[in-house]
Amino acid sequence: MMQYKNILFDLGGVLIDLDVKRSLDAFAKLVKAPAGVGKIPTSVSEMVTADGLLGGHTSELIDQYQIGAITTDQFIDAILTQCQPTTTRQQIIDAWYAMLLGVRKEKKELLHQLIAQGKQIYVLSNINDLHVEWTMDHCPELKQANRLFFSNEIGMSKPDPRCYELVLRETGIQPEETVYVDDLLPNIEAGKAFGLQCIHAVDDSWMETIRQLDNL
């Protein structure tokens, strides 16, 4: 890998730790009728799926929400139709947030080190309005990033090639000088097609890989 000047980060599963099962379990408690222990009835599981939460395009509702095609109110309204009559909007929001575990200290420290070293920090994330709000509250370090590309704002989601074209065009960064870190293989493959220097974040070892590149 050549000397790099820029890092393009994914958020969920890379900088932000996720546990999707927490959200699935929370929604399972809110639905109209149980379909067995720990299971979500079909009507809800079609809208909120584990694959959808992890970036797989198996949930039309999540896909629409993360490209900004529907509002947060519309997203909540759709889920409420399948929930117990006493379910509140805040309970839906809390269930949606449940998967987000936070940004660990070592990840925040790494961001500070990279910024102090003069690296250009960018983010390209499949995300939605509620998770953007949570992210900016819990990871203020991202406010120091050079540019944030959120799917709900740019109207498209990874691994759509147009996402990578947009990042390269609007930032002017060179792919051969840019490390791209993502936890999903389809996104990594899309990044490679544009010449980005990719790190597939299958576990936390990506942090050590980054450090070793510049002996941080």
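No hydrogens, no waters, no symmetry mates; every other heavy atom, side chains included, goes into these values. Index from 1, following the sequence.
- Using modelled atom types, one finds a donor on one side chain and an acceptor on the other under 3.5 Å when comparing N146 with Q120.
- Looking at heavy atoms from C-beta onward, F27 lies in side-chain contact with I92 at the 4.5 angstrom threshold.
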- Show your reasoning for whether side-chain contact (heavy atoms from CB on, under 4.5 Å) applies to L142 and L11. CA-CA 10 Å; L142 291 179; L11 286 179; 3.7 Å; yes

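- In terms of modelled atom types and a separation under 3.5 Å, the side chain of S151 and the main chain of Q66 share a donor-acceptor contact.
- Using a 4.5 Å heavy-atom threshold, the side chains of K107 and D17 count as touching.
- F150 and I154 fall into different hydrophobic clusters, defined by Ile, Leu, Val, Met, Phe, Trp and Tyr side-chain heavy atoms under 4.5 Å apart, directly or through other members.
- W96 and N128 form a side-chain donor-acceptor contact under 3.5 Å, judged by distance and modelled atom types alone.
- Of the possible donor and acceptor atoms, one in the side chain of K119 sits under 3.5 Å from a partner among the backbone N and O of Y4.
- For the pair R147 (side chain) and Y122 (backbone), a donor-acceptor distance under 3.5 Å is absent.
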- Task: Could you go through the side-chain contact (heavy atoms from CB on, under 4.5 Å) check for C139 and L111 one step at a time?
- Result: CA-CA 10 Å; C139 191; L111 280 175; 4.3 Å; yes

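- With Q84 contributing its side chain and K29 its backbone, the two residues share a donor-acceptor pair below 3.5 Å.
- Contact annotation: the side chain of Q174 never approaches that of L168 to less than 4.5 Å [non-hydrogen atoms, C-beta and beyond].
- Linking ILVMFWY residues whenever their side-chain heavy atoms come closer than 4.5 Å, directly or via other members, leaves I121 and V167 in distinct clusters.
- For the atom pair L185 CG and C198 SG, the distance stands at 10.0 Å (nearest 0.5 Å).
- Contact check on D160 versus R162 returns a salt bridge, with a Lys/Arg side-chain nitrogen under 4.0 Å from an Asp/Glu carboxylate oxygen.
- The CD1 atom of I16 sits 7.0 Å away from atom CG of L18, with the distance rounded to the nearest 0.5 Å.
- For the atom pair L196 CG and T178 OG1, the distance stands at 6.0 Å (nearest 0.5 Å).
- By the 4.5 Å heavy-atom criterion applied to side chains, L148 and M136 are counted as neighbours.
- In the hydrophobic clustering of this structure, M99 groups with I127; members are Ile, Leu, Val, Met, Phe, Trp, Tyr whose side-chain heavy atoms approach within less than 4.5 Å, directly or through other members.
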- Message: For a side-chain contact (heavy atoms from CB on, under 4.5 Å) check, start with the C-alpha distance between V48 and S23, then their side-chain angles and the critical distance, and finish with the verdict.
- Response: CA-CA 9 Å; V48 181; S23 282; over 6 Å; no

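- The closest side-chain donor-acceptor pair between T71 and D73, if any, does not fall under 3.5 angstrom.
- With hydrogens and angles disregarded, no donor-acceptor distance shorter than 3.5 Å links the side chain of S205 to the backbone of A201.
- To the nearest 0.5 Å, the span separating NE2 on H131 from NE2 on H138 amounts to 11.0 Å.
- In this structure, the side chains of H57 and S157 come closer than 4.5 Å at one or more pairs of heavy atoms.
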- Chi angles and distances behind the side-chain contact (heavy atoms from CB on, under 4.5 Å) call for I70, L61: CA-CA 9 Å; I70 60 173; L61 181 67; 3.6 Å; yes

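- Tracing side-chain contacts under 4.5 Å through hydrophobic residues (I, L, V, M, F, W, Y), one reaches V103 starting from I7; they form part of the same cluster.
- Residue L8 holds its CG atom at 12.0 Å from CD of Q197, rounded to the nearest 0.5 Å.
- Annotation: side chain of V179 is in contact with side chain of I210 (closest heavy-atom distance under 4.5 Å).
- Rounding to the nearest 0.5 Å gives a distance of 11.5 Å between CG of L110 and CZ of R104.
- Residues Y164 and Y180 place their aromatic rings such that the two centres sit under 6.0 Å apart.
- For H200 (side chain) and D182 (main-chain N/O), no donor-acceptor pair under 3.5 Å exists by modelled atom type.
- By the rule that hydrophobic residues join a cluster once side-chain heavy atoms approach within less than 4.5 Å of another member, L101 and L24 end up as members of separate clusters.
- With 3.5 Å as the limit, one finds a donor-acceptor pair spanning the side chains of T72 and Y65.
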